Amino acid sequence: MSPRGLIVITSALSLIGGVARAADAPSPSNGAPDCASSPESRSPDPRCGDALDGRDAAAPASAAREAGRAALFLPREITAGLFWPFVETADVVESHHVQNWLVAWLTSDDGRVGVRPIVKYATGFLPTFGLRVFYDRLPGEGSGVSASFETVGPSVLIGEIDAVAPRWTGLTFRAIANHRDDRYFAGVGALSNVDLAADGWSPARFGSDIFLGEVRWTRLLPAHFQLSLHGDAQERNYWADGVRGGPSVASVFRVSSPMCQATVAPLNSCVDPVIMPGFDDGLRIIHEGAGIVWDYRSHTRDGSGAALAVDATFAEGVGSDPSRHVTFSAEPVAAIGGTDRQLLLRGRAVMVEALSEAPIPFDELAMMSGYNGMRGYLDGRFRGQSGLLTTAEYRWYVSHAIDATLFADFGTVAGRDFQGLGSARWFPSYGFGLRFYGTPGNYWEGALESGAQVVYAPDNGFRVIVTVASF
Amino acid sequence: MPIRPSTLPIVASLVTTLTASSAGADGQRWFPDRPVAWSEHDDADMRATTPEPTDLQDLDSALILRDGLAGEADRYLSLEGSTSALDVNALDEVPCSNWFCPRNHLHPMSLEEIAAGPAAAAPVQPFTIIKGKDEGAATGFQIVDANKRKFMLKVDPKDHFGMSTGAEMVGYRFFHAAGYYVPGAFHTDVRDEDLVLSPKATFKLYGVEKRPLTWERVHAQLAGVARLPDGRVRAVAVPWMPGELLGGFDLKGHRDDDPNDRIAHERRRSLRASWVLFAWLAVLDPSSINTMDTLVVEDGHRFIRHYHFDFGCALGSATARPATPAQLGEYPVEVGRSLRALFSLGFYHRPFEDQRDQWRQLVTQYPAIGYFPATFDPDQFRTNRKLPTHVRMTDRDAYWGTKVVTAFTDAQIETVMATAALPTPDAAYATHALEVRRDILGRRYMRAVAAVEEPAPSPDGAQVCFQDLAIARGYVQAGEASYRVEVTDGRGSRLYAGEQAPQGALTCVPIAARDVGTGYRVVAISTALAGGVPNASSGVTKASRIHLRWRAAERRFVVVGLERDE
């Protein structure tokens, strides 16, 4: 046989053998693949570096796409860098069960005793950090006691004890000890910053120690009514030196006497008792009151309805405190709901009536500013014997756990029985907020958990409040 | 210079090599003439490797941030675009692997097979509780049965008898029949007195602190579950997955310590197109928390198998309560929608915002099902996580997933629903809803791509014939369709172009076989539908392309590949 014939026969036999081997191609359980056999006779095998469809790799991206990627390289890296700390932090926290461990360390096995952190912040005041301890092992369903303590250092020390009796009693108890050196006062009446300046005044600060013990009884009545009776005893002491966040009230609202010149250290006795009655002596006072709430609102995030709360509280000084007055308040709320939207209209009227010759203490006047009133202004900015507030707030769904809000507050204070209201200056504030809900079930039934608001007031600038309206 | 005869074999080899090259001049990637791959061979022995357990099942917010925000931003900024799945063979099918092994849609299962689910032995009472259930929303316990086999026992919430357990029974069976690896589920009704508490039983308080599991705690948990009128607890027993548990698998990238894990997970069609099954069954939670890698030993080989589990949040169930419209219609974080809602002052409208009344009606009428609307918009369906696999699903992947779903017949659906042992009205409604939802998906995705299947040359070799699966399954009417056919030679030269009507479910189109030429043909078929094509104003589907090669020994063209536009 010629060499050429041998080559042909050998090749043919090899080809036949390759086909035969392909037919017996090793299955996964038979061991390593026979990558040496002809690709045409065996199925694509990734163990041999084949793509499953047998084709070569796709061509690289077009030049235009590569150019685009190159152009976006920096934004891409920056974006990745911005997200990285959040992703990694979440990864560490969750993979090491940090939250679970914190809850485990801070809570009893039955979940009825524990400790939780507290954080509060509002522009113009020092933020506070603290802990709340709760104990829910008291007899009776719904009963429990909690104690909290917040501070940011010696300037702010707030302690509170709350106790809830068994639900059927309707009783709650509260005791507060509140020490702050950054409380706010800007005169009495609807005084703008210009008005204050014209009188040689400005917003000022003072310190206070407030000790309060309160008992409240609440009873649900038919037809969506709720009755509450409440009483408290308070001791308040004020001071003018060592305050934080602005000039002392003793410097701004001072009596004209040689002892109380600007160059003298602020003294309680230098605070004008006409403007701030009760400052020097403090308050020793008891309150007794009753309130009725009618609440016919759907409490979904976009529910409609109306509510009205009225309250009358009588105050009387104890011991040498001559105070004797009564405070009336009314707060209507109307909610107009749409699909995942809600418009709220709220009003609030407060009137304080003196029942004796003694002046109403400055700290017992109607205060219409703060996170529950005219939100663009600090707590204590506007005080008067009467006050009015109106709010329009529009809320809408952003995501299952977030609502956004736009709101406007208009408020003012006036004299006795709303005297001077017609000519009083009204103070607007406008704001935007986000409300965060817990939504274990349907999102429209979510429970408000927290929020934040940014508010602008023409006479006060911008404020950030880490809380949201609860009405 | 004349070619010497001795050099002819060399020349022939060169010519063969050139013609066998897989890239045509027009960038068309040619399929080779070789057997189709039906196995991925990802079970090579990994004895030399010791895989580490992952902690993916513990990650929630981290994965939302990584995949829903950072990952999405990176995907857009990297101009990733549409990418082809890589676990696909020459017939555009997913071969068998330890991720997925095709079952029903390629080899129709009998009603008995589909009702049986994955091969596993049913639990035998009495049950001994050995551990509390530390993860997930469902109330349950780890148990061993009378034969010392381990199971997870899960129960229904009060007021929704059968909702969660029924969903488990149904979900496991459909996923198994589709081809996924699942542990299975057995329906079992338990008396409290049939439960034994192991003295060594523990649970993890707050998910971290080990405590003895007491009868007090067990009874407290069972106080809030659904019961039969005779007091028995309705439960489902899920067999423990075989092998060493290694934690959930990531839906992006590879597992570094698995040499068999050659394809990035976000490039796996079996994972991408699982979205279609999740949408069909309204499964809320498809994330890594409900996946499991297990290290198994089979035939002396040690390798990793990839499981899906926990279908208690399927159909209308969110495990501990009925699902809600928002859960089925929006991711927890959807930046685009949230910003649109924010800046439109709430006037941006999401479809699920109109479904409250429907939710109330369905949950009240079918408490054993929950919120499971029969009609839905697949394009609006969301699970509770934006997954790297699902967001990369192309129309081609979705078509394949729909092929899997629409392969389930009405009889099969009814059989699977029967295993859930639900009250008759609820079972009848859920069966109807599954059929309707299946057909909605069929119309959405099988009308988006030319549904070319089973291509084969005609006996005379002049045509290639194929089954139009959309016509065969009733999602396209033959009378409304017209095929646009273009035949090229694989190097950019058009050999034929024409339009023809379907010949029923089976149609043949010419391949211009008279002149062999390059020996390669690409037959591109797109379907013009008078009834419209989803998301295509042109009314023409994306194309499927049949690849043929000239097999000289047989003197005919043979089908070597099938691909589709992404």
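Small disclaimer: the values here were computed from a predicted structure and weren't measured. Reminder, nothing fancy here: chain letters follow the sequence lines and each chain counts from 1.
Only the side chain of B/Ala73 comes within contact range of chain A, judged by heavy atoms closer than 4.5 Å. Heavy-atom distances place both the backbone and the side chain of A/Ala58 under 4.5 Å from chain B. At a 4.5 Å heavy-atom cutoff, A/Asp403 makes no contact with chain B through either its backbone or its side chain. At a 4.5 Å heavy-atom cutoff, the contact between B/Val88 and chain A is made by backbone atoms alone. Only the backbone of A/Ala57 comes within contact range of chain B, with heavy atoms under 4.5 Å apart. If you measure heavy-atom distances from B/Asp55 to chain A, the contacts under 4.5 Å come from the side chain alone.
A/His400 has its side chain out of reach of B/Gln327: every pair of non-hydrogen atoms, C-beta onward, lies at least 4.5 Å apart. At a threshold of 4.5 Å between non-hydrogen side-chain atoms, the residues A/Ser95 and B/Leu59 count as touching. Side-chain contact check for A/Tyr443 versus B/Glu330: every heavy-atom pair is 4.5 Å or farther apart. Under the 4.5 Å side-chain criterion, counting only non-hydrogen atoms from C-beta, A/Asp302 is in contact with B/Arg356.
Counting only distance, with no hydrogens or angles, the side chain of B/Arg66 and the backbone of A/Val87 share no donor-acceptor pair below 3.5 Å. A donor-acceptor distance shorter than 3.5 angstrom exists from the side chain of B/Arg29 to the backbone of A/Asp56, with no hydrogens or angles considered. Side-chain atoms of B/Glu40 never come within 3.5 Å of backbone atoms of A/Pro46 as a donor-acceptor pair (strictly under, hydrogens ignored). A/Trp396 places a side-chain N or O within 3.5 Å of a backbone atom of B/Ala341 that can act as its donor or acceptor partner. With hydrogens and angles ignored, the 3.5 Å screen pairs a side-chain donor or acceptor of A/Ser43 with a backbone N or O of B/Val36. With hydrogens and angles ignored, the 3.5 Å screen pairs a side-chain donor or acceptor of A/Tyr394 with a backbone N or O of B/Leu345. One N or O on the side chain of A/Arg341 and one on the backbone of B/Gly346 form a donor-acceptor pair closer than 3.5 Å. Side-chain N or O atoms of B/Arg34 include one that pairs as donor or acceptor with a backbone N or O of A/Arg42 at under 3.5 Å.
Among A/Ala404, A/Ala80, A/Gly441, the residue making the largest number of heavy-atom pairs under 4.5 Å with chain B is A/Gly441. Contact count against chain A (heavy-atom pairs under 4.5 Å) is highest for B/Arg350 among B/Glu298, B/Arg350, B/Arg217, B/Lys204. Considering only heavy-atom pairs separated by less than 4.5 Å from chain A, the leading option among B/Asn260, B/Asp354, B/Asp33 is B/Asp33. Ranked by non-hydrogen atom pairs under 4.5 Å with chain B, the options A/Ala90, A/Ala104, A/Ser399 are led by A/Ala104. The candidate from A/Val92, A/Val398, A/Thr107, A/Thr79 with the greatest count of non-hydrogen atom pairs under 4.5 Å with chain B is A/Val398. Between chain B and the options A/Trp84, A/Tyr397, A/Trp101, A/Phe73, the largest number of non-hydrogen pairs under 4.5 Å is found for A/Trp101. Ranked by non-hydrogen atom pairs under 4.5 Å with chain A, the options B/Tyr76, B/Tyr331, B/Tyr348, B/Phe347 are led by B/Phe347. Interface remark: of the candidates B/Leu205, B/Ile263, B/Val333, B/Leu205 forms the most heavy-atom pairs closer than 4.5 Å to chain A. Annotation: maximal heavy-atom pairing with chain A below 4.5 Å, among B/Arg262, B/His349, B/Gln57, B/Glu334, occurs at B/Arg262. Your options are B/Pro332, B/Ala37, B/Ala90, and the one with the most heavy-atom pairs under 4.5 Å with chain A is B/Ala37. In terms of heavy-atom pairs under 4.5 Å with chain B, the best-connected choice from A/Val103, A/Asp340, A/Ile402, A/Thr339 is A/Asp340.
Under a cut-off of 6.0 angstrom, the local environment of NE2 in A/His96 is sparse, with at most 12 non-hydrogen atoms contributed by other residues, nucleotides or ligands. Atom CZ of A/Phe86 has 12 or fewer heavy atoms from other residues, nucleotides or ligands within 6.0 Å.
Nearest approach of B/Leu77 to A/Pro75, heavy atoms of both residues: CD1-O, 3.9 Å. Nearest approach of A/Arg55 to B/Trp30, heavy atoms of both residues: CG-O, 3.3 Å. For the pair A/Leu52 and B/Leu86, the tightest heavy-atom approach, listed with the atom from each and the gap, is CD1-O, 3.8 Å. When every heavy atom of B/Glu80 is checked against every heavy atom of A/Arg69, the shortest pair comes out as CA-NH2, 4.0 Å. Of all the heavy atoms in A/Phe83 and B/Leu69, the pair that sits closest is CE2-CB, 3.6 Å. Contact between B/Gly207 and A/Asn100 at its shortest, heavy atoms only, is CA-ND2, 4.2 Å.
Note that CG of B/Leu56 and CG of A/Asp91 are 8.5 Å apart. Values are rounded to the nearest 0.5 Å. Distance check: A/Arg76 CZ to B/Asp74 CG gives 4.0 Å after rounding to the nearest 0.5 Å. Atom CG of A/Asn442 sits about 5.0 Å away from atom OG1 of B/Thr324, to the nearest 0.5 Å.
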Any chance you could lay out the side-chain contact (heavy atoms from CB on, under 4.5 Å) test for B/Tyr206 and A/Gln99, step after step, and finish with the verdict?
-> CA-CA 9 Å; B/Tyr206 305 120; A/Gln99 253 183 312; over 6 Å; no

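The stretch residues 35-66 of chain A participates, sequence neighbours left out, in these disulfide (SG to SG under 2.5 Å) pairs: A/Cys35-A/Cys48.
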